[in-house]
Amino acid sequence: MLDPQLLRSDIESVARRLATRPFTLDTGAFQAIEQERKQVQGRTQELQAARNQFAKRIGQAKAKGEDVSALMAKAGRGNEELATLEKRLESIQTGLQDFLLGVPNVPHESVPVGASPADNVEVRRAGTPRRFDAPARDHVDIGAAIGMLEFDTAVKISGARFALMKGPLARLHRAIAQFMLDVHTAEHGYTEVYVPYLVNAASMRGTGQLPKFEADLFAVPREAGEGNAAEKLYLIPTAEVPVTNIVREEIVPLERLPLKFVCHSPCFRSEAGSYGKDTRGMIRQHQFDKVELVQICHPQRSYEALEQLTGHAETILKRLELPYRVVTLCTGDMGFSAAKTYDLEVWLPGQSAYREISSCSNFETFQARRMQARFRNEKGKPELVHTLNGSGLAVGRTLVAVMENYQRSDGGVDVPPALRPYMGGVEFIAPAR
RNA sequence: GGAGAGAUGGCCGAGCGGUCUAAGGCGCACGCCUGGAAAGCGUGUAUACGUGAAUAGCGUAUCGCGGGUUCGAAUCCCGCUCUCUCCGCCA
């Protein structure tokens with residue numbers, strides 16, 4: 001959510017910057033709501049002040065034993081108008097809130113302006129894609145060759161866009177997650193957290209998934225009890241949601257910043273909009289694991305933190321010796337809540353392309369304002385924190401990258417040296433006989 | 001699933017229709033005192049919104065959340081959520 005003060009004071013420049021996403025800010029609608037709000041709020045407060053005065057005077061008179069019937073007759077006079085205005089004010093404020101919840105974040109000045117992924121700007125590359133004598137196979141073929149990756153079984157059990165892994169491949173998947181957690185906790189100073197995978201609507205609103213992107217989520221209805229409409233829960237699309245919401249409605253002491261959390265969790269995405277894309281393999285699934293990095297930090301240090309966090313995610317790719325590049329997302333390709341995003345794209349020989357494996361973003365106060373997540377600043381006053389997060393990394397896609405980059409001519413897969421300690425020393429996965 | 005208790009400021013805790021502008025304590029900040037400190041004493045100590053040049057005043061809202069009664073609600077009534085205790089069930 002954007003700062004309402006900013007919209008009141010300088011809506012045109014906000015609109016101009018949002019237009020680069022592209023998003024059309026309805027400045028007229030905002031100003032109309034604001035104007036009415038001011039008027040109604042002013043009058044409401046006037047009537048409330050009058051009511052309070054009367055109540056006070058009646059109390060004082062009664063205490064002295066005076067007759068209060070005349071006062072009481074006068075006191076109730078404005079109440080009907082007040083009740084109407086209070087209702088009106090409430091609905092105006094709800095309307096204003098709804099309006100603000102639907103406005104995306106303003107891109108940072110350093111974000112390149114552009115319309116599509118083609119306008120993203122490459123920042124750096126690391127590693128060199130390996131040469132193959134024969135055409136490189138993709139992970140689906142490799143998985144079939146080793147006999148450990150089954151899509152048809154997953155379809156039978158659940159449906160499209162699920163995968164089932166077996167044996168050493170399942171272990172490799174687990175090894176990847178363990179490896180990432182160990183690096184981030186031991187070397188990068190993150191605190192490991194275990195969190196709920198089902199969260200309430202307030203948490204989804206806090207990080208920006210709701211109200212706009214309900215269709216992308218899996219919702220779990222709950223039976224209503226007597227007279228209560230039980231709140232439904234949502235499966236998390238990323239650990240970002242529960243982890244960032246740790247600080248919702250909290251005031252963090254200055255000296256505890258930055259908070260750095262790492263969390264391994266499954267992620268569930270309905271992905272309604274992306275059907276037809278990446279239908280082959282496990283690139284785009286309804287369920288996947290991810291190791292997520294989250295930082296809650298001081299507003300003055302958030303861009304520094306974004307660089308560091310991105311570097312932490314890169315470390316994993318370097319240790320796994322996977323070629324990748326870093327791109328700055330352009331205004332048109334950034335997510336709703338982000339002010340700036342770096343994507344890490346890993347080289348996939350099966351596709352001869354760099355594909356997203358991590359997305360690292362600074363949300364500035366966008367999520368913090370929705371969550372009322374604050375810290376006590378140098379002056380002792382509560383101030384909104386900046387929130388950041390990034391995948392460190394997507395486990396399923398990392399497995400895909402390992403399979404494709406470490407494929408052997410005999411149909412098997414080498415285990416990257418960094419993962420061997422997590423595989424009981426196993427150095428390669430042999431093809432099925 | 002059943003029975004009961006509770007939710008008040010940064011924390012503890014009183015208040016159970018009107019001077020609540022929320023007692024008292026703890027903590028914190030500043031001042032006095034002191035060679036320095038402790039103790040003691042004094043003063044201050046929430047958030048949001050509106051109106052202001054203002055981090056000044058003034059106004060409004062907020063005692064878990066929502067609704068109701070009333071001229072007036074932390075206080076009374078109804079609903080909900082959460083926490084705790086006991087029983088049952090369960091990993």
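Because the structure is a prediction, the values reported are computed rather than measured. In what follows, chains are A, B, ... by sequence order, proteins preceding strands, each numbered from 1.
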Enquirer: Considering only the P atoms, how many Å lie between rG88(B) and rG13(B), rounded to the nearest integer?
Expert: 31 Å

Enquirer: Taking only the C1' atom of each, what is the distance from rC86(B) to rG27(B) in whole angstrom?
Expert: 36 Å

Enquirer: According to the Watson-Crick and G-U wobble definitions, with both distances under 3.5 Å, which nucleotide is paired to rA46(B)?
Expert: rU62(B)

Enquirer: Write down the partner of rC41(B) under the Watson-Crick or G-U wobble criteria, each distance required to be under 3.5 Å.
Expert: rG31(B)

Enquirer: rC71(B), rC49(B), rU60(B): which one has an atom nearest the side-chain heavy atoms of Gln48(A)?
Expert: rU60(B)

Enquirer: Can you give me the closest heavy-atom contact between Arg248(A) and Met371(A), atom names plus distance?
Expert: CG-O, 3.3 Å

Enquirer: Does Asn79(A) make a side-chain N or O approach to OP1 or OP2 of rG72(B) shorter than 4.0 Å?
Expert: yes

Enquirer: Using a cut-off of 4.0 Å on non-hydrogen atoms, how would the nucleic acid contact of Arg51(A) be classed: base, sugar-phosphate, or nothing?
Expert: sugar-phosphate

Enquirer: How many whole angstroms separate atom CG of Leu233(A) from atom C1' of rU81(B)?
Expert: 13 Å

Enquirer: At 4.0 Å (heavy atoms only), tell me whether Arg8(A) reaches a base, stays on the sugar-phosphate, or touches nothing.
Expert: sugar-phosphate

Enquirer: If you check every side-chain atom of Met72(A), which of rU60(B), rU19(B), rC71(B) has the closest atom?
Expert: rC71(B)

Enquirer: Checking contacts here: which listed nucleotide (rU47(B), rU19(B), rC71(B)) is nearest the side-chain heavy atoms of Lys62(A)?
Expert: rC71(B)

Enquirer: Please determine whether a side-chain nitrogen of the Lys or Arg among Lys232(A) and Glu214(A) lies less than 4.0 Å from a carboxylate oxygen of the Asp or Glu.
Expert: yes

Enquirer: Can you name the closest pair of heavy atoms from Phe363(A) and Ser337(A) and give their distance?
Expert: CD2-O, 3.2 Å

Enquirer: Distance check needed: rA46(B) P versus Arg374(A) CZ, whole Å only.
Expert: 14 Å

Enquirer: Tell me whether the side-chain N/O atoms of Lys381(A) come closer than 4.0 Å to OP1 or OP2 in rU47(B).
Expert: yes

Enquirer: Just call it for Lys74(A): base, sugar-phosphate, or nothing, with non-hydrogen atoms closer than 4.0 Å on any strand.
Expert: nothing

Enquirer: Using whole Å, report how far CD of Gln53(A) lies from C1' of rC71(B).
Expert: 13 Å

Enquirer: Give a yes or no on this: more than 12 heavy atoms of other residues, nucleotides or ligands lie within 6.0 Å of atom NZ of Lys74(A).
Expert: no

Enquirer: Using only modelled atom types and a 3.5 angstrom limit, is any donor from either the side chain of Gln45(A) or the base of rG59(B) paired with an acceptor on the other?
Expert: yes

Enquirer: For rC71(B), does either OP1 or OP2 sit under 4.0 Å from a side-chain N or O belonging to Asn52(A)?
Expert: no

Enquirer: Just checking Arg37(A): base, sugar-phosphate only, or nothing, at a heavy-atom cut-off of under 4.0 Å?
Expert: sugar-phosphate

Enquirer: Is there a Watson-Crick or G-U wobble partner for rG36(B) with both distances under 3.5 Å, and if so, which one is it?
Expert: none

Enquirer: What does rC16(B) pair with, Watson-Crick or G-U, if both distances are under 3.5 Å?
Expert: none

Enquirer: Counting the atoms with a prime plus P, OP1 and OP2 as sugar-phosphate, which does Gln5(A) contact under 4.0 Å by heavy atoms, base, sugar-phosphate, or nothing?
Expert: sugar-phosphate

Enquirer: Of the non-hydrogen atoms in Pro258(A) and Gln295(A), which two are nearest, and what is the gap between them?
Expert: CB-OE1, 4.3 Å

Enquirer: Should the pair His286(A) and Phe162(A) be assigned to parallel (<30°), tilted (30 to 60°) or perpendicular (>60°) ring geometry?
Expert: tilted

Enquirer: Roughly how many Å apart are rC20(B) and rA46(B), using the C1' atom of each and rounding to a whole number?
Expert: 16 Å

Enquirer: Can you tell me the Watson-Crick or wobble partner of rC89(B), both distances under 3.5 angstrom?
Expert: none

Enquirer: Establish, yes or no, whether the cationic atom of Arg51(A) lies under 6.0 Å from the six-membered ring centre of Phe54(A) and within 45° of the ring axis.
Expert: no

Enquirer: Rounding to an integer number of angstrom, what distance separates rA14(B) and rG50(B) when you compare their C1' atoms?
Expert: 33 Å

Enquirer: Let's test this: given Watson-Crick or G-U wobble pairing with both distances under 3.5 Å, identify the partner of rG57(B).
Expert: rU51(B)

Enquirer: Look through every strand shown and name the nucleotide pairing with rC84(B) as Watson-Crick or G-U wobble, where both distances are under 3.5 Å.
Expert: rG4(B)

Enquirer: Write down the distance between CZ (Arg376(A)) and P (rG10(B)), rounded to a whole number of angstrom.
Expert: 7 Å

